[in-house]
**Student:** 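Have a look at this one before I ask anything.
Just so we're on the same page: letters track the sequence lines, and every chain starts at 1.
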Amino acid sequence: MLDGRHVAEHLEETKAALRRRSEEAARALEPAEGLLSKRRVLIHATEKLQAERNNASQEMGKLAKGPDKAAFEARRGELKTLSDEVKKHEAELAELERAVEDLLLGVPNLPHPSVPDGTTEADNVVRRTFGEAKSYDFEPKPHWDVGAALGVLDFERAAKLSGARFSVLWGAGARLSRALIGFMLDLHTKEHGYTEVLPPFLVRGEALRGTGQLPKFEADLFKTQRSDPEDPSALYLIPTAEVPVTNLHGDEILDGATLPRAYTAYTPCFRSEAGSYGKDVRGLIRQHQFDKVELVRFVEPSQALAQLDLLCSHAEEVLKRLELHYRVVELCAGDLGFGAEKTFDIEVWLPSQKAYREISSCSSFGDYQARRAKIRYRPEPKAKPRLAATLNGSALAVGRTLVAILEQNQCSDGTVSIPKALVPYFGADNIPLP
RNA sequence: GGAGGAGUGGCCGAGUGGUCUAAGGCAGCGGUUUUGAAAACCGCCGAGGGUGCAAGCCCUCCGAAGGUUCGAAUCCUUUCUCCUCCGCCA
């Protein structure tokens with residue numbers, strides 16, 4: 001969420017920054033100016049009345065103990081009017097605050113000035129590439145064919161259980177998935193200094209509001225239901241570990257000396273993928289449920305961009321160790337996610353599609369999430385609390401990593417070789433034919 | 001799922017309608033004293049917001065949201081969390 005005060009004082013500047021995303025984003029801010037100035041006037045009037053009431057109430061305390069009951073009764077009538085006036089103002093102010101909040105919750109983050117201009121994916125900028133596309137002396141198959149031939153990937157039975165966009169991993173496929181999770185978590189905890197977390201997979205709406213998925217993107221989520229369909233305490237399945245892990249420090253004031261804090265979590269992720277019909281209908285790329293190892297960092301705002309480079313390098317390291325060809329793309333302003341101020345996507349090479357596909361997205365949110373979730377830190381022992389900056393990135397999406405291995409490492413005989421770094425986790429150096 | 005009990009500042013904890021402007025303690029910070037430390041003593045010590053150059057002043061917050069009242073930490077309603085017991089379960 002943007003800072004209402006900053007918006008009010010720098011309205012044109014803020015609109016210009018939002019316009020880099022889209023006209024629509026800039027328009028979302030239109031009503032802000034009127035609301036915010038009205039709010040200031042109302043706060044003033046309300047507090048004046050409150051102060052008056054407080055003073056009068058104190059005198060009433062004395063009067064109540066005195067002998068003059070008539071004076072007390074007379075004053076009481078007067079104060080009733082004052083009190084009603086206070087309540088009217090408070091109610092009006094509360095309504096206005098809600099309107100401001102609703103408005104600001106629907107406004108995306110400002111793109112960082114360093115983010116390249118552009119409106120679509122096509123305007124994203126390739127920053128670097130690792131390795132190169134292997135050449136094959138045969139036509140590389142898509143992962144669903146490779147996986148089916150090996151007997152490790154089963155979409156038919158998944159459909160029987162749960163419908164489209166689910167998968168069953170069998171045998172070596174399930175083991176490879178587990179090996180990847182273990183490998184990634186070990187790398188981040190033992191070499192990159194992250195603390196491992198295993199959070200809940202169901203969260204309150206409040207947590208999703210903190211990281212920015214709600215109120216705007218409810219349609220992308222799976223919501224649970226107990227006996228009452230209208231139950232406001234219904235829990236949501238997490239769409240990413242970012243949600244529970246970032247909100248871990250919601251409504252807390254962290255000791256500045258403990259920053260940066262770095263957490264890693266493996267979780268399944270659940271996304272309804274509403275509106276994505278027709279995209280990636282085959283294979284493991286776009287699923288309602290998938291596994292992911294996530295990195296989350298809480299940092300001082302001035303460190304955000306440097307920390308984003310660091311986090312991104314941690315995600316890249318997974319692919320380097322797995323010897324998978326990939327590139328890093330910086331998203332243009334128009335392609336940025338709702339709460340992000342700057343994002344690097346890591347895209348892995350899929351030889352069957354002759355294309356790079358997203359396998360990780362690493363973003364800095366500045367204080368956008370922190371303001372929503374009230375994540376603060378105290379720079380010095382006596383200093384005022386400040387909002388922290390939050391960052392996160394996948395490192396990596398497990399299913400897509402499995403896809404990349406099946407595709408990049410497929411051999412002419414139909415087997416798949418396992419990257420060296422993964423052999424200790426997987427227990428073999430290839431997946432043989434059944 | 002059922003029956004009870006409890007949520008107060010960083011922590012402990014008093015407070016059952018009127019100087020609560022939330023006692024007291026612990027921890028922390030500054031100071032006096034001391035060769036130094038400890039002890040003792042004195043002071044400071046929550047968050048958010050409004051206003052002001054600033055010092056400051058003002059408002060809100062006692063798990064959360066409503067309500068009663070001239071006035072609510074205190075009374076009422078709803079709700080969340082935790083604890084104990086029962087049931088069920090892994």
**Student:** May I ask you to test the Ser177(A)-Asp291(A) pair for a side-chain heavy-atom distance under 4.5 Å?
**Tutor:** yes

**Student:** Between G50(B), U81(B), G18(B), which nucleotide has the shortest distance from any of its atoms to the side chain of Met60(A)?
**Tutor:** G18(B)

**Student:** Identify every side-chain donor-acceptor pair in residues 358-374 of chain A under 3.5 Å, counting partners at least two apart or on other chains, and give the distances.
**Tutor:**
from: Ser360(A); atom 1: OG; to: Ser394(A); atom 2: O; distance (Å): 2.5
from: Ser361(A); atom 1: OG; to: Asp345(A); atom 2: OD1; distance (Å): 2.8
from: Ser363(A); atom 1: OG; to: Thr343(A); atom 2: OG1; distance (Å): 2.8
from: Ser364(A); atom 1: OG; to: Glu341(A); atom 2: OE2; distance (Å): 2.7
from: Ser364(A); atom 1: OG; to: Gly366(A); atom 2: N; distance (Å): 3.3
from: Asp367(A); atom 1: OD1; to: Arg371(A); atom 2: NH1; distance (Å): 3.4
from: Asp367(A); atom 1: OD2; to: Arg371(A); atom 2: NH2; distance (Å): 3.2
from: Tyr368(A); atom 1: OH; to: Val107(A); atom 2: O; distance (Å): 2.5
from: Gln369(A); atom 1: OE1; to: Thr390(A); atom 2: OG1; distance (Å): 2.7
from: Gln369(A); atom 1: NE2; to: Thr211(A); atom 2: O; distance (Å): 3.1
from: Gln369(A); atom 1: NE2; to: Glu242(A); atom 2: OE2; distance (Å): 2.8
from: Arg371(A); atom 1: NH1; to: Met1(A); atom 2: O; distance (Å): 2.7
from: Arg372(A); atom 1: NH1; to: Arg209(A); atom 2: O; distance (Å): 2.8
from: Arg372(A); atom 1: NH1; to: Leu214(A); atom 2: O; distance (Å): 3.1
from: Arg372(A); atom 1: NH2; to: Leu105(A); atom 2: O; distance (Å): 2.7

**Student:** Send over the distance from Glu9(A) CD to G50(B) P, rounded to a whole Å.
**Tutor:** 9 Å

**Student:** Looking only at atom C1', what distance separates C12(B) and A22(B), rounded to whole Å?
**Tutor:** 15 Å

**Student:** Would you mind reading off the distance between Glu59(A) atom CD and U19(B) atom C1', rounded to a whole angstrom?
**Tutor:** 12 Å

**Student:** Figure out the CG/P separation between Asp251(A) and C61(B), and round it to whole Å.
**Tutor:** 17 Å

**Student:** Check the phosphate of G71(B) against Ser83(A), side-chain N and O only, distance under 4.0 Å to OP1 or OP2. Yes or no?
**Tutor:** yes

**Student:** In whole angstrom, give me the gap between the P atoms of G24(B) and C42(B).
**Tutor:** 12 Å

**Student:** Need to verify one output field. Residue with the more 5' nearest nucleotide on RNA chain B, Arg386(A) or Arg76(A)?
**Tutor:** Arg386(A)

**Student:** Can Glu218(A) and Gln213(A) be counted as having a side-chain donor-acceptor contact under 3.5 angstrom?
**Tutor:** no

**Student:** Salt bridge between Lys15(A) and Glu30(A), side-chain N to carboxylate O under 4.0 Å?
**Tutor:** yes

**Student:** So which of residues 84-108 of chain A are in contact with RNA chain B, with a heavy-atom cut-off of under 4.0 Å?
**Tutor:** Lys87(A)

**Student:** Rounded to the nearest angstrom, tell me the gap between atom CD1 in Ile253(A) and atom C1' in C11(B).
**Tutor:** 15 Å

**Student:** Tell me if a side-chain donor or acceptor on Arg21(A) pairs with a main-chain N or O of Phe338(A) at a distance below 3.5 Å.
**Tutor:** yes

**Student:** Rounding to the closest angstrom, what is the interatomic distance between G1(B) and G71(B) at atom P?
**Tutor:** 39 Å

**Student:** Not counting sequence neighbours, which residues clear side chain to side chain donor-acceptor pair (under 3.5 Å) with His89(A)? List them please.
**Tutor:** none

**Student:** Measuring only the C1' atom in each nucleotide, how far is U8(B) from A23(B)? A whole number of Å is fine.
**Tutor:** 12 Å

**Student:** Whole angstrom is fine here: how far is it from NE2 in His44(A) over to C1' in C59(B)?
**Tutor:** 11 Å

**Student:** Please confirm whether the backbone N or O of Phe426(A) pairs with a side-chain atom of Arg175(A), one donor and one acceptor, at under 3.5 Å?
**Tutor:** yes

**Student:** Could you pull out the protein-nucleic contacts involving nucleotides 53-55 of chain B (nitrogen or oxygen on both sides, under 3.5 Å)?
**Tutor:**
none

**Student:** Just N and O in the side chain of Arg204(A): are any of them under 4.0 Å from OP1 or OP2 of C80(B)?
**Tutor:** no

**Student:** Can you list the residues that meet the side chain to side chain donor-acceptor pair (under 3.5 Å) rule with Arg53(A), with sequence neighbours excluded?
**Tutor:** none

**Student:** What side-chain donor-acceptor pairs closer than 3.5 Å can you find for residues 31-40 of chain A, not counting sequence neighbours?
**Tutor:**
from: Ser37(A); atom 1: OG; to: Glu33(A); atom 2: O; distance (Å): 3.4
from: Ser37(A); atom 1: OG; to: Gly34(A); atom 2: O; distance (Å): 3.2
from: Arg39(A); atom 1: NE; to: Glu97(A); atom 2: OE1; distance (Å): 3.0

**Student:** Can you tell me, in whole Å, how much space there is between the P of G18(B) and that of C75(B)?
**Tutor:** 12 Å

**Student:** Would you measure the distance from the P atom in U81(B) across to the matching atom in U21(B) and give it in whole Å?
**Tutor:** 32 Å

**Student:** Can you check the Ile43(A) CD1 to G50(B) C1' distance for me, whole Å?
**Tutor:** 6 Å

**Student:** Which pairs pass ring pair (Phe, Tyr, Trp, His ring centres under 6.0 Å) with one or both residues in residues 280-320 of chain A, sequence neighbours excluded?
**Tutor:** Phe166(A)-His288(A), His192(A)-His314(A), Tyr194(A)-His314(A), Phe222(A)-His288(A), His249(A)-Phe298(A), Tyr263(A)-Phe298(A)

**Student:** Which ones in residues 46-58 of chain A lie close to RNA chain B, meaning a heavy atom under 4.0 Å from one of its atoms?
**Tutor:** Glu47(A), Gln50(A), Ala51(A), Arg53(A), Asn54(A), Ser57(A), Gln58(A)

**Student:** G71(B), OP1 or OP2 - any side-chain N/O from Arg75(A) closer than 4.0 Å?
**Tutor:** no

**Student:** Please tell me if Lys384(A) has a side-chain N or O lying less than 4.0 Å from either OP1 or OP2 of G46(B).
**Tutor:** no

**Student:** Which distance, rounded to the nearest 0.5 Å, do you find between the CG of Asp123(A) and the CG of Asp335(A)?
**Tutor:** 8.5 Å

**Student:** List in chain and number order the residues that pass salt bridge (Lys or Arg N to Asp or Glu O under 4.0 Å) with Asp280(A), two or more places apart in sequence or in another chain; answer none if no residue qualifies.
**Tutor:** Arg286(A), Arg357(A)

**Student:** Of the options G50(B), C70(B), G46(B), whose atoms approach the side-chain atoms of Arg378(A) most closely?
**Tutor:** G46(B)

**Student:** Output side-chain donor-acceptor pairs under 3.5 Å for residues 301-313 of chain A, partner residues at least two apart or in another chain, one line each.
**Tutor:**
from: Gln307(A); atom 1: OE1; to: Arg297(A); atom 2: NE; distance (Å): 2.7
from: Gln307(A); atom 1: OE1; to: Arg297(A); atom 2: NH2; distance (Å): 3.1
from: Ser313(A); atom 1: OG; to: Leu310(A); atom 2: O; distance (Å): 2.6

**Student:** Where does RNA chain B pair, written as one dot-bracket string 5' to 3', with Watson-Crick or G-U pairs under 3.5 Å, ( ) inside the strand, [ ] for crossing pairs and | for another strand?
**Tutor:** ((((((((.[[[..)..(.....]]].(((((.......))))).((((((....)))))).[[[[[..)....]]]]])))))))....

**Student:** Would you list the pairs meeting ring pair (Phe, Tyr, Trp, His ring centres under 6.0 Å) in which at least one residue belongs to residues 6-28 of chain A, sequence neighbours left out?
**Tutor:** His6(A)-His10(A)

**Student:** Between Gln287(A) and Leu284(A), what is the shortest heavy-atom contact and its length?
**Tutor:** CG-O, 3.4 Å

**Student:** Pick the P atom in C62(B) and in U74(B), then give their distance to the nearest Å.
**Tutor:** 8 Å

**Student:** Using atom C1' in both nucleotides, what's the gap between C45(B) and G28(B) to the nearest angstrom?
**Tutor:** 8 Å

**Student:** Answer yes or no: is there a donor N or O on one side and an acceptor on the other, between the side chain of Thr258(A) and the main chain of Asp255(A), under 3.5 Å?
**Tutor:** yes

**Student:** To the nearest Å, how far apart are Asp255(A) CG and G10(B) P?
**Tutor:** 14 Å

**Student:** Write down the distance between CZ (Arg39(A)) and P (C59(B)), rounded to a whole number of angstrom.
**Tutor:** 18 Å

